[in-house]
Each structure stands twice: as structure tokens, then as C-alpha cells.
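Just so it is clear: chains get the letters A, B, ... in the order the sequence lines come, proteins before strands, and each one is counted from 1.
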Amino acid sequence: MSKPLSIHRLRSLVDPLLVQGPLHPSAYAPIFDLLTGCNLLKLGQQLHAHMALRGLEPNAFLAAKMVAMYASSGDLDSAVFLFRRVENPNQLLFNSMIRAYTRYGCSMKTIQVYCRMHRFGSNGDNFTFPFVLKCCADLSDIRMGRCVHGVSLRAGCELDMYVGTSLIDMYMKCGELCSARKLFDTTSERDASSWNALINGYMKVGDICAAESLFRRMRCKNIVSWTALVSGYTQNGLADKALSVFDEMLRAESEIKPNWVTVMSILPACAHSAALDRGRQIHDYTRRTGLDSNPLIQIALAAMYAKCGSLVDARRCFFNLKADERSSVAWNTMITAYASHGYGTEAVSAFEEMIKSGVCPDDVTFTGLLSGCSHSGLIDTGLKYFHSMKAVYSVEPKVEHYACVVDLLGRAGRLVEAKELIGRMPMKAGPSIWGALLAASRKNRNLEIAEMAARELFVLEPENSGNYVLLSNMYAEAGKWMEVDNLRATLKIQGMKKSPGGSWIEVNGKAHLFLGGDTLHPQAKEIYMLLEDLPSKIKAAGYTPDTSFALHDVSEEEKEQNLTTHSEKLAVAFGLLNTNPGVALRVTKNLRICGDCHTAIKFISKIYQREIIVRDVNRFHHFKDGFCSCRDYW
DNA sequence: ATAGGGTTAG
């Protein structure tokens, strides 16, 4: 596309038309072309109104241009209105409308327009099929896809590269990998797009090897190919690989540089690994390249910072957004950020502010809000919002909202109410529901309800060893060693391994991972010395180790020993040893933080005057001056 | 005028 003209230049083209009488449609068409993609809705509307006032009905050709203009300016309704008024649509107009609907993600509508086009006796052309095929892909409608494939052959489009790529993409997204591959292998002309469609498809189904081998064999790699690899790794949970490909990309001698989509793909990898320093580097990169002016980037940055433990930076990114850029997703990001950090009150006020600014909440908003209330013990507030979801905001509660409320009630010890709520749910209770109930029974030491929840979970997610471990721990607490042995035997028979507890901490941009009882680290000796000194220091400050968290059938002394070597303590000790006084420590754990460690870290934060931020699988704990942001409610 | 993108409970 040519460079967009300045608003003044466009004004000077439109204004003379507005003072003249009706002209031939061909006089207006080029103006609408110029307005397309300029996001100057007002100017387009003015011209349209001028024509309407003079009784000028656009013909199909002109309507096509106007539909494109409206669609590109965010006004789909006007585009549809125009389209419907044209009695004799031509191919161009159909294409324009199909493109408009596709752009707004209205796949069903696109298919409807395509069908109508058929009834007008047209097969479509090389500009029709790519969009229609994309919709088939989005709908996973393989039958429609095959049908469109057939029509595209009849229309003689089989050699068109755009159509070819769209076909490959459609087959990949519908899970017909073989058909896609066959098309790819038999196409004589292939460009980067067809390769990229395949790579993305393989990544989507989790076939990393196939995607990698294609990428390595590719000779015409472009920015999309690199991004496909990065986002594929991220989506498959391979954050480290995503980060190293990103580095490789920066090093690669080609001209290819990360664009905004690449950045969007790499940020979740930073978040996953809690790689705050890497995240900051990427933030710097967006500032250097001007990508940071993109509101989507700011939102993704906010989410990254929140997940890396820096709520301050997350807020800063959010406040970089102008008021009209604060979409529901932006608000959701902040509400969820507050919730996960245990700032329920702030989550609630962010929600209220969102409503005040006229942004409609959606289901994600309420999962964030409810989990925020739950983490902070705002029981009544949470219940109030839950009940207002549908009544006030027309958002249908989904299973995840029920899970939040089960958690909200359960955490507060209202297990019976939680159980009753599960019974009244309009949908089937899934793992999230029973998982919340199990965790709540653990917290309240209610073995009976725990057994009930666990029974459901063993069926729903038999491969999740965490559930067995949790119940087994509860049996251990209750001294029911027989049941403990039974569960352990079950675990063993099924060949399941307890996922090892691990924590990591980033120091000078490098992550250091510790497993429970780890002695492999080069600094292990110093770390253990520091930890061995801790109990006496802490005991002097009034701390008693809570051995109920050791959960082994061993003597009290041994239990205490095991506690000192939990991975989160090792990571904290390492942090104390390797950072300057006063620097905040950020530790990430792959499981839930242990209760004894929680107490110990509170004391450490006081004794060593350090802010310590621990992210566990559920939430953040901010330790400072002997207190935790969760106020021991977790 | 093809391919890639942000927010989600235990």
C-alpha cells in the first residue's frame, strides 16, 4: 500500500467535493481508496453524507470502496448497512464485505456472505478464497474448508500462492496435517508463507520437532518464521527455548529484527520463567524501536511485569496507556495482577474504575476480581460480585467463576456451603472445582471432604500426582500411616513421580535453580551454613518451626532438618549471599509455598531487612518487615 | 488483499 496522506492533504481533496453538486461515482472512488487505512472516519462519513443528501446511491463498485473504508475505520455496522443496500453486488463488493467480516473475526458471517455470493452465480476469485479459508480454519470447519478447496480449483485458483498458503493453513488448523503436507510437497512454487503456515500448524499441535526441522531447512526465513518458532515454544511451555531463539534472532546477521508480534510472543516466556531482567531488556528494546507506542505491547508488558513480581512496573505500563486505550483486556490485566499479588482491595477499586470509565467487564474480569476477593478474604464482597455478574453485567458465570467462589468460601472455612454450591452448579464440576475444594479441605483439615474431592480428581485427572501427594500429606498429618502407604503404593504402581519442588531466583540476569535438599550448587556450602545459622537467629526472634509441613513419618529433629532444605529457603539464602543489602529478592517456586518456609521467610525479611517476593503456583507473597502481603490468609 | 498477537481460577 502507498504511504497514507496527511489529514490536511486529504481534507484538501475532500472539501472541494463537498461544495459541488452530485458527480459521477468514479469521482469519489479514489478518495475512499485514500481514506481506507487512514482511520479518518469523520472525513469518510462526511463524504458519504454529502452523497446521500444529493440522492446519490453508490453503485457496487463505489460501495466496495466505501465498505473497505468503513471496515478499516472500525465501523463495521456502516459497512454492513451499505452492503445490504446494494441490489446488484459484484465480485469486488462481495470480496470487500468478506474481508470486512474476516477482519472483525465474524467467521460465520463471512461464510454466509460467501454462500450468498454463490447464489449470485459467482465462484469467487483469488481474493475471495484466502479470507473464506481463514474463516473455515478459525471455525475448524473442515467440511466447509474442503468444499471451498473444490470451488477454488474450479475457479482456476490452484496456482495462486495466496490461495495455496491459505489452504495449507486451513488444513493445518483443522488437524488434517497430512492433507496440508501433501499440498505443501506438491506445490511447485513455495514462498515463506507456506512454510510458515506449516510451522505454525505443527507448533499448534505440539509437534515441536517437525516445526524445528522445517525451520532449519528453510532458506527464505522471514520475521514471521522466526516469530512462529518463538511463539510456538512459548505456547508449548518451552520458555527457555523461546528466549534462546529470540537471542539467536538478535544475533543473526540478517536484517530480520523482532517486530511487535515477536515481542508479544516472547513476553509470556519471560513471565513464565519470571525472567524480570530479560523482560526489562525487551522493554528497552521496544523503547529503542518505538514499538512501545503500541498499546497492546504496553498491556503485554504490564502482564509480564506482574508475573515477574514487579507490580510497580506493571502499574507504570498500565498508566502509560491513554484513557481510550484502556480496553477490557488492559483492565483485566491490572485486576488479575492485583489479585495474584494479594491486593484484593485494589482489584476491587480497579474494577469499579473500569465500570465508571464505561468499559464492559467480561468473564476474565470476573475471574480476576473473584480470585482477588478470595486471596484477600473479602468474602461478602466476592459473593456480592458473583451474584451481580449476570444480573447487573450480563456476564454468564462459567465454571472458573464457580471455582473461584468455591475457593472463596472454602478458604474461609465455609466448606459445607462450598460443597452445596457445587451441587447447585448448572454445569458439570471439573478439575478446577474439585481442586479448589481439595485445597480448601487441606487448609481446614477436613479429611472427609478432602477424600470426596480427591476421589473425583483421581478420575478426572489421574495423571496429576499433586492430588495424591496432597491427600497423602493430609493422611500423614492425621497420623493415618496405612492410608499414606496405600496412596504411595498407588503412585508407584501407576509409575507416577511426585513432581520435585524447585525454586529459582534471578541474580544478575541469570536464573539459579534449586531443588529440595539440593547440594549440587557451587555455593552449596555457604548456603547451608547460612541456613544452619538461621534457626537460632529466628528462634531468638520468637519462631518455632512448624513441623506439620515436613510430612514424613520421621522423628521431630529429622523433620526440622528436612525443612531447612526446602528449595525456596535455598533460593532465598542464595539471594542473601549474592546481592547487596537492601536489594529485593524475587523467588519463584513451581509448587505451593510451604507453610514453614512462609513463616521462616517472614522472619528473614525482618532480620535481614529485605523485601522478599515469592511467586508460587497460585499467587505472590510479598514479605517485608516480618509480614506477608497475604496476611497469612492463603 | 495470505501466515504471527494481549487478559483466565486451585
Side-chain angles (χ1 to χ4, degrees), chain A residues 1 36 68 95-96 98-99 102-103 125-131 133-134 137 160-170 172-173 191-201 203 222-232 234-235 259-265 267-268 294-304 306 327-337 339-340 362-372 374-375 398-408 410-411 430-440 442-443 453 457 464 466-467 470 592 617-619:
Chain A
M1 201 174 35
T36 302
N95 286 350
S96 200
I98 283 173
R99 162 130 175 78
T102 310
R103 193 183 173 126
D125 61 18
N126 53 325
F127 293 118
T128 320
F129 300 114
F131 299 103
L133 287 167
K134 180 180 161 49
D160 184 277
M161 297 247 280
Y162 287 77
V163 178
T165 300
S166 303
L167 280 168
I168 292 172
D169 184 52
M170 183 274 294
M172 284 309 269
K173 286 191 178 141
D191 66 350
S193 313
S194 17
W195 289 82
N196 295 342
L198 268 190
I199 292 175
N200 273 314
M203 280 300 196
N222 62 14
I223 178 66
V224 181
S225 327
W226 284 92
T227 306
L229 208 61
V230 171
S231 80
T234 304
Q235 280 160 20
N259 66 9
W260 70 278
V261 183
T262 323
V263 172
M264 301 285 271
S265 307
L267 288 175
N294 182 337
L296 269 55
I297 291 278
Q298 288 295 338
I299 297 165
L301 282 167
M304 178 278 293
S327 59
S328 59
V329 176
W331 284 106
N332 292 352
T333 305
M334 274 330 283
I335 292 170
T336 310
S340 67
D362 60 15
D363 51 337
V364 179
T365 316
F366 284 101
T367 37
L369 180 62
L370 292 173
S371 84
S374 171
H375 287 318
K398 298 209 290 194
V399 69
E400 54 265 40
H401 303 110
Y402 280 93
C404 287
V405 180
V406 168
D407 183 53
L408 181 86
R411 239 180 242 276
S432 60
I433 298 284
W434 297 115
L437 190 65
L438 178 60
R442 160 81 208 271
K443 181 171 187 271
L457 284 169
N464 185 342
N467 299 325
L470 217 158
R592 215 172 88 115
V617 273
N618 294 335
R619 56 167 295 160

>> Less than 4.5 Å apart, side chain to side chain, heavy atoms only: is that true for A:Ile223 and A:Thr262?
In response: yes
>> Check this one for me: any side-chain N or O of A:Lys134 less than 4.0 Å away from OP1 or OP2 of B:dA3?
In response: yes
> NA contact type, A:Asn126, heavy-atom cut-off 4.0 Å: base, sugar-phosphate, or nothing?
Replying inline: nothing
>> Under the side chain to side chain contact (heavy atoms under 4.5 Å, CB included) test against A:Leu370, which residue among A:His401, A:Glu400, A:His375 passes?
In response: A:His401
> If only side-chain N and O atoms of A:Lys173 are considered, is one of them under 4.0 Å from the OP1 or OP2 phosphate oxygen of B:dT2?
Replying inline: no
>> Once you apply a heavy-atom cut-off of 4.0 Å, does A:Ser193 come out as touching a base, just sugar-phosphate, or nothing?
In response: base
> What's the spacing between A:Thr234 OG1 and A:Met203 CE if we round to 0.5 Å?
Replying inline: 9.0 Å
> For A:Ala439, which contact category applies under a 4.0 Å heavy-atom criterion: base, sugar-phosphate, or nothing?
Replying inline: sugar-phosphate
> Is A:Thr165 touching bases, backbone alone, or none of the nucleic acid, heavy atoms closer than 4.0 Å?
Replying inline: base
>> Using only modelled atom types and a 3.5 angstrom limit, is any donor from either the side chain of A:Thr367 or the base of B:dT8 paired with an acceptor on the other?
In response: no
>> Using a 4.0 Å heavy-atom cut-off, does A:Asn259 contact any base of the nucleic acid, only the sugar-phosphate backbone, or nothing at all?
In response: base
> B:dA9, B:dG10, B:dT2: which one has an atom nearest the side-chain heavy atoms of A:Glu400?
Replying inline: B:dA9
> When you measure from the side chain of A:Met264, which nucleotide among B:dA3, B:dG6, B:dT7 comes out closest?
Replying inline: B:dG6
> Yes or no on side chain to side chain donor-acceptor pair (under 3.5 Å) for A:Asn196 and A:Asn222, after CA distance, side-chain angles and deciding distance?
Replying inline: CA-CA 9 Å; A:Asn196 295 342; A:Asn222 62 14; 3.2 Å; yes
>> Between C1' on B:dG4 and CD on A:Gln235, what's the gap in Å once rounded to a whole number?
In response: 9 Å
>> Working note: A:Thr128 + A:Asp125, criterion side chain to side chain donor-acceptor pair (under 3.5 Å); need CA distance, chi angles, decisive distance, verdict.
In response: CA-CA 5 Å; A:Thr128 320; A:Asp125 61 18; 2.9 Å; yes
>> Using whole Å, what does the distance between atom C1' of nucleotide B:dG10 and atom CG of A:Leu370 come to?
In response: 14 Å
> B:dT2, B:dG10, B:dA3: which one has an atom nearest the side-chain heavy atoms of A:Ala436?
Replying inline: B:dG10
>> Could you work out, with ring pair (Phe, Tyr, Trp, His ring centres under 6.0 Å) as the rule, every residue matching A:Phe366, not counting sequence neighbours?
In response: A:Phe351, A:Tyr393
> Just checking A:Pro268: base, sugar-phosphate only, or nothing, at a heavy-atom cut-off of under 4.0 Å?
Replying inline: nothing
> Under the side-chain hydrogen bond (donor to acceptor under 3.5 Å, both in side chains) test, which residues partner A:Asp160, sequence neighbours left out?
Replying inline: A:Asn126
>> What is the distance, to the nearest angstrom, from the CG atom on A:Asn222 to the C1' atom on B:dT2?
In response: 12 Å
> Within this structure, what is the CG-to-P distance between A:Asn294 and B:dG6, rounded to whole angstrom?
Replying inline: 12 Å
> Starting at NE2 of A:His375 and ending at P of B:dT8, how long is that distance when rounded to a whole Å?
Replying inline: 12 Å
> Choosing from B:dA3, B:dG10, B:dT7, which nucleotide comes nearest the side chain of A:Leu457?
Replying inline: B:dG10
>> Considering every strand and a 4.0 Å limit on heavy-atom distances, what is the contact class for A:Trp260: base, sugar-phosphate, or nothing?
In response: base
>> Below the 4.0 Å mark, does B:dG10 have OP1 or OP2 next to a side-chain nitrogen or oxygen of A:Arg411?
In response: yes
>> Does A:Ser327 contact B:dG6 through a side-chain donor or acceptor facing the base, at a distance under 3.5 Å?
In response: yes
> What integer distance in Å separates A:Asp363:CG from B:dT8:P?
Replying inline: 12 Å
> With respect to the side chain of A:Ile299, which nucleotide from B:dG6, B:dT8, B:dG4 is positioned closest?
Replying inline: B:dG6
>> I want to verify a distance call: between B:dG4, B:dA1, B:dA9, whose nearest atom is closest to the A:Cys404 side chain?
In response: B:dA9
>> Does B:dT8 have its OP1 or OP2 closer than 4.0 Å to a side-chain nitrogen or oxygen of A:His401?
In response: no
>> Using whole Å, what does the distance between atom P of nucleotide B:dA1 and atom CZ of A:Arg103 come to?
In response: 10 Å
>> Nearest whole Å is fine: how far is B:dG6 P from A:Ile297 CD1?
In response: 11 Å
